[in-house]
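Reading through the structure tokens given below for one structure.
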Amino acid sequence: MQIYKVGGAVRDRLLGRAVSDIDWLVVGATVEQMQAQGYRPVGADFPVFIHPKSGEEYALARTERKSGRGYGGFVFHASPEVTLEQDLIRRDLTINAMAEDEHGNLCDPYHGKVDLDKRILRHVSPAFAEDPLRVLRVARFAARYAPLGFTVAADTLELMRQISASGELQALTAERSWKEIERALMEDQPQVFIQVLRACDALKQLMPELDALFAAPLSEGEHTLAALQQAALHGQPLHVRWACLTQALGQAIKAVNQRFKAPRECQELALLVGEMQGHCQRAPELDAPTLLELLQKFDVYRRPQRLEDFIAACEMVARGRQALEGDGYPQGDYLRGAAAAAKAVDVKSLVDKGLTGQALGEALKTERLNALQAYTQAN
Ligand code: CTP
């Protein structure tokens with residue numbers, strides 16, 4: 001049997017990027033031989049094994065053909081006769097279809113190195129269409145490698161367009177799509193992910209609500225991309241980036257959250273930003289009752305970080321609209337000041353007065369309102 005290093009590890013080493021995990025490909029071996037050498041199979045029907053010591057993944061060379069819609073519809077054919085070239089040709093991109101043998105020699109039958117040097121994301125063969133998730137993967141790689149000057153080859157974009165038009169993207173599970181979205185949002189240029197999805201008509205399939213925002217010139221769609229770009233520039237976490245992406249979707253935020261089964265923290269912040277960002281941008285104009293309502297809604301007394309995340313997302317949106325000069329975000333500072341004023345109300349002194357339950361709640365509310373009234377007058 002021959003063992004090759006494949007995929008991302010080869011690509012990223014050639015790009016001079018850090019390699020996180022290594023995938024290995026085994027040619028000329030049977031399942032029985034692997035097991036006899038101590039490799040543990042990851043699943044009954046899947047020709048992938050875990051190395052007994054390193055814990056790295058070793059996959060048997062395989063060909064793959066489609067037998068139905070969606071991810072569950074794959075049939076894997078692994079056998080010792082499958083060659084390296086046959087395995088590599090069914091992979092997504094030429095830059096992901098390179099292998100390295102045990103002596104460190106590059107095996108590159110589909111010219112991934114040329115495309116790597118030319119900064120092109122190009123599909124290897126028509127087998128690309130076997131997995132519609134690859135449309136999202138290419139968009140994600142475009143986002144990741146945009147700073148290096150990579151673009152998607154015209155014929156690959158055309159193939160992605162055909163996959164979008166086929167309706168196959170609808171068959172992707174929420175979990176697989178979210179994994180790509182999540183990783184793409186955390187890249188340095190996440191807006192490129194959306195731009196590429198839009199260019200191949202996949203955005204219309206995946207998030208028609210967002211796609212619709214691009215209808216007008218200088219549209220909300222462009223503002224959304226600018227907000228997302230700002231979030232990446234400022235190193236914001238995933239939930240802030242997701243809130244930036246969905247902030248202009250109004251009533252549809254809930255549906256988009258659910259469509260991709262976004263994690264709770266992402267869902268929650270997206271809804272809050274969608275509903276309340278107007279309040280943040282106009283914070284110094286808000287009266288005390290409105291400020292109190294906002295702070296209560298955020299439960300800022302028990303969950304201070306949530307207000308910070310909200311302010312961060314609103315700041316990124318404002319920056320995306322070029323509505324801010326310099327480093328500061330005075331609206332955010334104003335809200336922080338209001339939160340501090342409301343939090344300064346001394347609960348203990350009310351409890352010491354013997355107040356409990358609803359009466360305590362009412363008294364707290366009144367005191368906080370007074371504090372906010374004083375705050376709005378003073379600032
Ligand atoms: N691959 C593919 N089609 C997919 C998923 C994976 O062709 N839908 C192939 C590619 O050759 C890829 C390899 O399997 O390089 C390993 O996949 P994965 O670990 O998901 O991605 P990496 O290329 O290692 O990239 P990343 O750095 O994003 O993990």
Side-chain angles (χ1 to χ4, degrees), residues 3-27 42 46-50 55-66 69-78 82 84-100 106-113 115-116 121-148 150 152 156 159-160 163 168-169 171-173 175-190 192-193 196 202:
I3 298 184
Y4 299 89
K5 197 184 278 180
V6 282
V10 179
R11 175 198 69 219
D12 285 338
R13 187 186 64 73
L14 290 172
L15 281 173
R17 280 174 61 105
V19 172
S20 50
D21 49 16
I22 302 179
D23 290 314
W24 301 91
L25 178 70
V26 185
V27 176
V42 297
F46 207 66
V48 178
F49 298 82
I50 302 295
E56 288 171 347
E57 274 192 11
Y58 286 68
L60 293 188
R62 62 197 193 234
T63 57
E64 199 166 272
R65 70 183 168 78
K66 209 162 185 173
R69 269 174 85 96
Y71 194 45
F74 282 132
V75 165
F76 295 100
H77 167 72
V82 176
L84 178 65
E85 287 74 13
Q86 285 172 336
D87 180 282
L88 295 178
I89 200 167
R90 61 160 190 83
R91 291 174 182 255
D92 54 2
L93 297 172
T94 59
I95 63 164
N96 290 342
M98 295 182 280
E100 228 176 72
L106 190 67
C107 311
D108 182 19
Y110 307 108
H111 314 295
K113 179 73 170 65
D115 285 340
L116 203 72
L121 302 172
R122 189 195 311 278
H123 67 285
V124 183
S125 75
F128 179 92
E130 286 176 0
D131 182 3
L133 189 75
R134 289 169 169 173
V135 171
L136 282 82
R137 277 175 62 89
V138 173
R140 170 166 70 79
F141 285 119
R144 179 191 291 176
Y145 297 127
L148 298 177
F150 276 82
V152 182
T156 301
L159 187 52
M160 290 159 71
I163 296 170
E168 280 273 314
L169 295 173
L172 292 172
T173 62
E175 289 76 9
R176 289 188 88 206
S177 299
W178 176 259
K179 235 177 172 166
E180 292 300 322
I181 293 169
E182 172 178 23
R183 295 184 72 187
L185 289 181
M186 291 314 291
E187 297 293 351
D188 284 347
Q189 300 218 18
V192 173
F193 176 67
V196 170

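Each ligand, and each atom within it, is numbered from 1 in the order the structure gives. In what follows, every heavy atom counts, from backbone to side chain, and hydrogens, waters and symmetry copies are set aside.
A search for ring-ring contact (aromatic ring centres under 6.0 Å, His included) contacts involving Y110 returns nothing, not counting sequence neighbours. Partners of R62 according to the side-chain contact (heavy atoms from CB on, under 4.5 Å) rule, which considers only residues two or more places apart in sequence or in another chain, are F46, P47, V48, A59, E64, F76, A78, D87, R90. Residues forming a side chain to side chain donor-acceptor pair (under 3.5 Å) with D115 (at least two apart in sequence, or on another chain): T94, R122.
Within 4.0 Å of ligand 1, heavy atoms belong to protein residues G7, G8, R11, D23, R91, D92, N96, D131, R134, R137, R140, F141, R144, R183.
Nearest heavy atom pair, residue F193 against residue A143, reads N-CB, 3.7 Å. Nearest heavy-atom pair across P132 and L169 is O-CD2, 3.6 Å.
Here the side chain of D92 pairs no donor or acceptor atom with the backbone of R134 at under 3.5 angstrom.
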